[in-house]
Amino acid sequence: MNIETNTKPTLKIAFLNANGVDKQKLELEAFAQHHKLDAILLNETHLRAGNRLKMANYASYRNDRQRGPGGGTAILVKRSINHYRNPTPTLINLEATTINLELPNNKQVILTAVYNPPDRRIVESDLDQILDKTNPTIVAGDLNAKHQSWNSRTGNQNGKFLKTYADNHRLSVWPYLAHSLPRQRK
């Protein structure tokens, strides 16, 4: 996704459901370099306290799942971009990592990587907590919310809820367009 700013250039942002980022580090680095990405939002990182998430020229922010397997969110952002980490609000079901990007002319864009496990309902207060009312906000992740409006073959309760929430708050929901990183040839 490219975001136009009032002054050139654009921000290049990607989202990836990592399904375990450790086993995809080389592909992630190649993908970021090839597409000249400014920020990468990740979910299902499967990282724990002892794991490291480092990429040359990128700052790394993450929230690991504290109990149980899987989960976790992270954001990688180019060190050359002015940014800072937002404190993660207390959430009921969502896992999230949030940063602010400081753009020219004192404008800000908020990026949030999210994950909602498939066995949990999306809670309105969680969405209210991560959506900023004053600055442009991009939330990317796997909410396990299926709805025909964003090209799902089937629907579920989370999809119905998210569709209603988005309509009521005048938000756009974009479907996930790719399902995996291209594998490096050996």
Under 3.5 Å donor-acceptor, [X] side chain and [Y] backbone:
{"X": "W174", "Y": "W150", "value": "no"}
{"X": "N116", "Y": "R120", "value": "yes"}
{"X": "E44", "Y": "G72", "value": "no"}
{"X": "K12", "Y": "T10", "value": "no"}
{"X": "T137", "Y": "N135", "value": "yes"}
{"X": "H147", "Y": "S149", "value": "yes"}

Residues forming a side chain to side chain donor-acceptor pair (under 3.5 Å) with N156, sequence neighbours excluded:
none

Count I, L, V, M, F, W, Y as connected when their side-chain heavy atoms are under 4.5 Å apart, and connections chain through other members. Are [X] and [Y] then in the same cluster?
{"X": "I13", "Y": "L103", "answer": "yes"}
{"X": "L171", "Y": "L143", "answer": "yes"}
{"X": "I130", "Y": "V173", "answer": "yes"}
{"X": "L41", "Y": "V77", "answer": "yes"}
{"X": "V114", "Y": "V123", "answer": "no"}

Could you tell me the separation between the [atom1] atom of [X] and the [atom2] atom of [Y], rounded to the nearest 0.5 Å?
{"X": "I138", "Y": "T112", "atom1": "CD1", "atom2": "OG1", "answer": "9.5 Å"}
{"X": "L111", "Y": "I75", "atom1": "CG", "atom2": "CD1", "answer": "5.5 Å"}
{"X": "Q108", "Y": "N86", "atom1": "CD", "atom2": "CG", "answer": "8.0 Å"}
{"X": "I81", "Y": "Y58", "atom1": "CD1", "atom2": "OH", "answer": "8.0 Å"}
{"X": "D126", "Y": "R121", "atom1": "CG", "atom2": "CZ", "answer": "14.0 Å"}
{"X": "N144", "Y": "N158", "atom1": "CG", "atom2": "CG", "answer": "7.0 Å"}

Can you establish whether the number of heavy atoms outside K54 located under 6.0 Å from its atom NZ is more than 12?
no

Could you tell me whether Q148 atom CD has more than 12 heavy atoms of other residues or ligands within 6.0 Å of it?
yes

Taking atom types as modelled, is there a side-chain donor on N51 or D22 under 3.5 Å from an acceptor on the other?
yes

With a 3.5 Å cut-off and no angle check, do the side chains of N43 and D142 form a donor-acceptor pair?
no

Between E124 and Y165, does the side chain to side chain contact (heavy atoms under 4.5 Å, CB included) criterion hold? Intermediate values first, please.
CA-CA 8 Å; E124 185 168 1; Y165 185 93; 3.7 Å; yes

Let me see the working for I122 and N93 under side chain to side chain contact (heavy atoms under 4.5 Å, CB included), right down to the final yes or no.
CA-CA 7 Å; I122 297 174; N93 285 337; over 6 Å; no

Sequence neighbours excluded, every pair satisfying side-chain hydrogen bond (donor to acceptor under 3.5 Å, both in side chains) that has a member inside residues 71-83
Y61-H83, T73-T97

Does any part of the side chain of [Y], heavy atoms only, come nearer than 4.5 Å to the side chain of [X], both counted from C-beta?
{"X": "R65", "Y": "R48", "value": "yes"}
{"X": "L28", "Y": "I40", "value": "yes"}
{"X": "L37", "Y": "F31", "value": "yes"}
{"X": "Q129", "Y": "L91", "value": "yes"}
{"X": "L47", "Y": "L53", "value": "yes"}

For [X] and [Y], work out which heavy atoms get closest and say how close.
{"X": "A49", "Y": "D64", "result": "N-OD2, 3.9 Å"}
{"X": "E95", "Y": "P117", "result": "OE2-CG, 4.0 Å"}
{"X": "A74", "Y": "A113", "result": "O-CB, 3.5 Å"}

Hey, mind stepping through L127 and L94 against side chain to side chain contact (heavy atoms under 4.5 Å, CB included) and telling me if it holds?
CA-CA 8 Å; L127 295 178; L94 288 182; 4.2 Å; yes

Mind running side chain to side chain contact (heavy atoms under 4.5 Å, CB included) on L11 and L101 for me, showing each step along the way?
CA-CA 10 Å; L11 288 173; L101 301 181; 3.8 Å; yes

